[in-house]
Engineer: 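Structure below; questions to follow.
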Amino acid sequence: MGLSLDWSRELATCDPAYYKHQQKMFLDFLKVGLVERKQSKVNWDPVDQTVLANEQVIDGMGWRSGAPVEQRELTQWFFKISNYSEDLLTALDKLDRWPEKVRLMQRNWIGKSEGLLVRFALDAKTTPGGESELEIFTTRPDTLFGAKFMALSPDHPLATAAAAKNPKLAAFIAECKKIGTAQEAIEKAEKLGFDTGIRAVHPFDPSWKLPVYVANFILMDYGTGAIFGCPAHDQRDLDFVNKYGLGATPVVCPPGQDPATFIITTTAYDGDGRMINSRFLDGMSIEEAKEEVAKRLEKETRGNSAVGKRQINYRLRDWGISRQRYWGCPIPIIHCAKCGVVPVPEKDLPVELPEDVTFDKPGNPLDRHPTWKNVKCPKCAGAARRETDTMDTFVDSSWYFARFTDPWITTAPTDRKMVDAWLPVDQYIGGIEHAILHLLYSRFFTRAMKKAGHAGIDEPFAGLFTQGMVVHETYRTKSGEWAMPSEVKVEGADDNRRATLIATGEKVEIGSIEKMSKSKRNTVDPDDIIGTYGADTARWFMLSDSPPDRDVNWTEQGVQGAWRFTQRLWRLAHEAAEIAKSAPAKRPVEFSAEAIAVRKAAHSALAYVSEDIAKLHFNVCIAHIYEFAKALGDAIGNIESEKTPPDLAWAIVEAAGILVRLFHPMMPHLAEECWATLGYKTLVAAETWPQVEPELLVENTITLPVQINGKKRADITVPRDAGKDDIEAAVLALDAVKRALDGKSPKKVIVVPQRIVNVVA
RNA sequence: GCCCCUGUGGCGGAAUUGGUAGACGCGCCUGACUCAAAAUCAGGUUCCGCAAGGAGUGCUGGUUCGAGUCCGGCCAGGGGCACCA
């Protein structure tokens with residue numbers, strides 16, 4: 001297709017020469033405290049037999065396998081992306097050349113929430129082991145007087161302790177965990193609770209006791225795994241109390257509601273309002289009440305520390321990178337019974353994947369490869385074993401752009417001079433599907449590389465553009481097999497469209513329009529167009545209609561038009577070359593009206609294309625090139641005499657040169673040919689972009705639309721610098737205006753300079 | 001459920017950011033060239049109407065001299081998040 005790629009920089013992330021550096025960075029990140037090994041509940045893909053990050057679970061299914069994801073408890077390696085939660089969030093504001101949509105998605109994913117940690121005292125008589133307090137996290141401390149219950153996650157230590165003494169509770173917790181394994185069930189699960197018998201004390205009223213439940217909708221890994229429930233203002237809590245009959249006292253009254261009659265039944269109120277039923281908070285706004293509660297609880301102490309503490313929580317979790325699969329970069333760690341977790345010494349890098357592996361059984365082949373797995377401990381030389389987890393392949397793509405700046409260096413992941421000179425990437429282009437996965441990981445990785453000394457910047461991509469997907473109809477045979485568009489003949493129109501297999505004539509069903517994929521076989525091969533019409537026509541055609549950020553429904557309708565245009569440009573180049581023979585080399589001092597018209601067409605097209613190409617509005621660029629080519633063709637066609645006047649000849653040569661350079665980015669091969677035809681010895685690719693002459697964009701007379709009551713009724717042509725009064729007088733003399741006014745004088749005449757005139761009748 | 005985006009001719013899509021709606025291309029129609037066809041060239045093509053004229057950017061109300069563009073309420077399609085306290 002004539003793409004200009006520097007293949008000398010080609011790299012492969014599966015090449016040990018690449019992942020060697022990745023292992024080095026893993027060890028460096030470990031040194032600076034950005035890698036951690038911990039037990040955690042993980043998303044387990046039962047088909048791929050591997051762990052998935054939260055970001056890789058889509059609607060409860062594995063992003064690759066599509067299988068329902070299960071929860072498992074495993075020891076895993078993590079990159080501490082959450083160290084950068086705040087930075088990753090605030091730095092989004094500075095990424096002004098990123099689509100707002102992507103920034104918003106990342107903001108939501110990071111999910112910052114500000115709230116208060118509150119230590120509730122427990123009635124020790126009621127606790128299993130004399131526990132005296134329970135810490136909860138809330139973003140709504142203002143609703144503390146609406147509290148009806150406390151709730152613990154089934155995984156909360158206090159729940160575990162209570163269950164040890166209460167078999168019924170233990171059974172309830174076991175039931176919760178069973179439901180918790182299938183993601184789909186979680187979404188539909190009813191809110192269930194179990195009263196532990198434990199009683200908590202309200203922080204503002206020692207005599208106010210709250211029952212402590214274990215509830216299936218409380219997550220252990222957010223906040224403290226425990227909450228206080230305010231049913232009137234939280235729908236989940238309301239659903240819960242309505243099941244257990246605990247009641248709901250409203251503490252926030254919506255504007256215009258009478259506090260005396262305001263009640264909550266089945267819908268919680270989470271809007272704005274004034275505090276009610278809340279003692280010293282009554283009458284305050286929500287914000288004032290939050291502040292007041294925080295202030296009071298911060299001051300109050302129990303056992304040498306404050307009862308309340310402000311805290312900011314993030315939804316963003318650390319990035320679990322352990323994968324139990326063969327295809328990935330081995331994690332350069334050795335486990336020794338004596339020394340524990342030992343990093344592989346740098347001189348032993350890379351840890352290469354063994355090649356003699358078998359895939360006959362499910363699970364990780366590295367796990368059952370004795371000679372690879374069993375090694376000596378680098379510290380004590382005793383028997384040890386390798387870490388058999390490999391890294392998530394998203395790690396590979398989190399820094400390849402940095403490696404591109406110097407892919408040849410063997411002694412380090414990056415050459416600091418190179419990486420700092422080249423990065424950040426000026427314009428990154430990718431699909432919206434990477435909005436949080438790849439783009440958030442890369443932002444973290446760049447920061448981590450900075451901390452470990454491998455780069456000097458925070459943000460990898462200064463400009464981001466998300467291109468749309470190419471979509472196409474799907475075709476399916478009676479036996480349920482997918483057919484490719486090239487194998488199918490489609491006839492008829494609208495509701496009568498029908499499709500048959502070209503080979504057999506068998507009828508096929510026309511299915512929905514979907515993203516092109518190998519599995520649905522709804523792909524088209526640009527080689528077909530390239531084969532018939534050439535690469536330039538294919539490029540032009542693909543760029544011409546649809547803006548690149550939108551999805552396109554692929555059709556070859558219109559490719560003929562693109563091909564026709566290449567012919568026209570070719571003819572035009574030859575016609576211009578003929579005129580060039582007699583054109584003066586020196587720029588004429590004076591230009592005729594015809595010559596000026598040609599120059600204006602050239603320079604205004606140049607101005608438009610320059611602007612639109614920077615915005616990646618290629619379809620609009622192409623429209624302007626069509627117009628310009630038409631104007632130039634007309635100008636050449638209008639030459640009557642055998643000998644073209646020298647000034648016009650010069651203008652045509654100038655215009656042809658501009659035209660070729662304008663379409664060169666879209667049709668490089670044709671442009672080079674045309675350039676040579678025009679007599680140039682250089683390559684267009686090596687030429688500079690032409691300069692606009694701004695004075696050619698200014699018109700001496702302008703045509704203003706004339707509206708009557710906001711509807712266009714006429715045009716008027718006036719000198720560019722005509723005064724308002726002159727324009728108004730000319731407008732009122734127009735027939736269309738006189739007719740509309742019917743002898744009366746207008747209420748108002750609005751003259752917007754250089755734009756429009758509106759007569760209000 | 002919450003958040004976000006999109007909605008313009010027969011089709012893909014333009015519209016200087018509040019100022020001529022439908023650029024440009026496809027398709028279609030008419031004409032020229034031709035014995036004929038293809039190619040090429042010229043003209044037309046939002047809808048209603050023979051015309052004068054009128055209506056018109058998903059629906060509906062508003063702000064404004066003026067709204068595809070801004071605001072409110074709906075409808076439809078797409079995307080993201082979802083027991084995150």
Side-chain angles (χ1 to χ4, degrees), chain A residues 58-60 99-102 104-109 111-113 115-116 136-141 143 151 153 186-191 215-219 221-230 233-237 239-240 267 270 313-317 432-433 435-436 493-494 540-541 544-547 550-553 555-562 564-565 567-568 571 607-608 611-612 617 619-630 633-634 637 703-715 746-761:
Chain A
I58 294 139
D59 291 333
E100 186 49 43
K101 184 183 170 67
V102 173
L104 185 71
M105 280 166 72
Q106 292 210 355
R107 255 179 228 124
N108 291 341
W109 188 263
K112 180 180 185 174
S113 65
L116 198 66
I136 59 99
F137 174 74
T138 178
T139 56
R140 294 295 302 272
T143 63
S153 162
I186 291 180
E187 287 171 21
K188 291 183 192 118
E190 207 180 345
K191 286 175 184 49
N216 63 350
F217 62 99
I218 308 299
L219 304 173
D221 51 1
Y222 188 82
T224 64
I227 60 144
F228 81 84
C230 176
H233 306 289
D234 183 297
Q235 192 60 46
R236 292 159 303 176
D237 296 348
D239 294 345
F240 187 76
T267 309
D270 60 2
N313 270 349
Y314 299 90
R315 212 183 69 103
L316 181 67
R317 297 294 140 72
I432 188 75
E433 69 272 19
I436 31 196
D494 301 320
W540 182 263
F541 169 60
S544 62
D545 268 1
S546 211
R550 226 179 271 190
D551 288 352
V552 275
N553 187 10
T555 160
E556 289 189 19
Q557 293 255 313
V559 68
Q560 295 246 359
R564 270 201 297 271
F565 189 61
Q567 308 300 308
R568 178 190 268 188
R571 279 198 308 274
Y608 278 123
E611 201 176 299
D612 289 326
H617 292 176
N619 55 328
V620 188
C621 288
I622 282 176
H624 285 120
I625 292 171
Y626 270 118
E627 275 179 306
F628 172 31
K630 173 106 171 66
D634 287 350
T703 301
L704 294 174
V706 177
Q707 294 183 332
I708 295 164
N709 293 331
K711 284 277 168 197
K712 193 207 162 193
R713 289 291 179 261
D715 285 310
K747 285 207 190 87
K748 208 175 180 184
V749 178
I750 291 140
V751 179
V752 183
Q754 319 290 317
R755 275 280 149 77
I756 202 165
V757 181
N758 192 11
V759 179
V760 186

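By convention in this document, chain letters (A, B, ...) are assigned in the order of the sequence lines, proteins followed by strands, and residues within each chain are numbered from 1.
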Engineer: If I pick the C1' atom on B/rC41 and the same atom on B/rC33, what distance separates them, to the nearest angstrom?
Structural biologist: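 After rounding to an integer number of Å, I get 8 Å for this pair.
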
Engineer: Can you find a donor-acceptor pair, distance only, under 3.5 Å between A/K747 side chain and B/rC65 base?
Structural biologist: no

Engineer: Let's test your reading of the pairing rules: Watson-Crick or G-U wobble, both distances under 3.5 Å, then write RNA chain B as a dot-bracket string with ( ), [ ], | and dots.
Structural biologist: (((((((..(((......[....)))((((((.......))))))(((....)))..(((((..]....))))))))))))....

Engineer: Under a 4.0 Å N-O cut-off, is there an ion pair linking A/R317 with A/D221?
Structural biologist: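 Salt bridge flag = yes for A/D221 with A/R317.
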
Engineer: Could you work out the separation of B/rU6 and B/rG19 based on their C1' atoms and round it to a whole Å?
Structural biologist: 25 Å

Engineer: Distance check, C1' atoms only: B/rC4 and B/rG18, in whole angstrom units.
Structural biologist: 24 Å

Engineer: If the C1' atom of B/rU20 is compared with that of B/rC3, how far apart are they to the nearest Å?
Structural biologist: 38 Å

Engineer: For residues A/F240 and A/F217, establish whether the separation of their ring centroids is below 6.0 Å.
Structural biologist: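 Yes; A/F217 has its ring centre under 6.0 Å from that of A/F240.
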
Engineer: Taking O4'-C1'-N9-C4 for purines and O4'-C1'-N1-C2 for pyrimidines, is B/rU45 syn (within 90° of 0) or anti?
Structural biologist: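 The base of B/rU45 is oriented anti (glycosidic angle more than 90° from 0).
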
Engineer: Using only heavy-atom distances, decide whether a donor-acceptor pair under 3.5 angstrom links the side-chain of A/N758 to the base of B/rG66.
Structural biologist: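 When only heavy-atom distances are counted, A/N758 does not reach the base of B/rG66 through any donor-acceptor pair under 3.5 Å.
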
Engineer: Hey, what do you get for CZ (A/R140) to CG (A/D234), rounding to the nearest 0.5 Å?
Structural biologist: 8.5 Å

Engineer: What's A/R107 touching, base or sugar-phosphate or nothing? Going by heavy atoms closer than 4.0 Å.
Structural biologist: nothing

Engineer: So, is B/rG62 syn or anti if syn means the angle is within 90° of 0?
Structural biologist: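 B/rG62: anti glycosidic orientation.
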
Engineer: Atom CD of residue position A/E611 - does it have more than 12 heavy atoms of other residues, nucleotides or ligands inside 6.0 Å?
Structural biologist: no

Engineer: Which residue, A/M105 or A/V759, contacts RNA chain B at a nucleotide closer to its 5' end, judged by nearest heavy atom?
Structural biologist: A/V759

Engineer: How far does the C1' atom of B/rA52 sit from the matching atom of B/rC59, given to the nearest Å?
Structural biologist: 32 Å

Engineer: For B/rU69 and B/rG78, measure between their P atoms and round to the nearest Å.
Structural biologist: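 Nearest-Å result for B/rU69 against B/rG78 at atom P: 24 Å.
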
Engineer: Would you indicate whether A/F137, at its atom CZ, is surrounded by more than 12 heavy atoms from other residues, nucleotides or ligands within a distance under 6.0 Å?
Structural biologist: yes

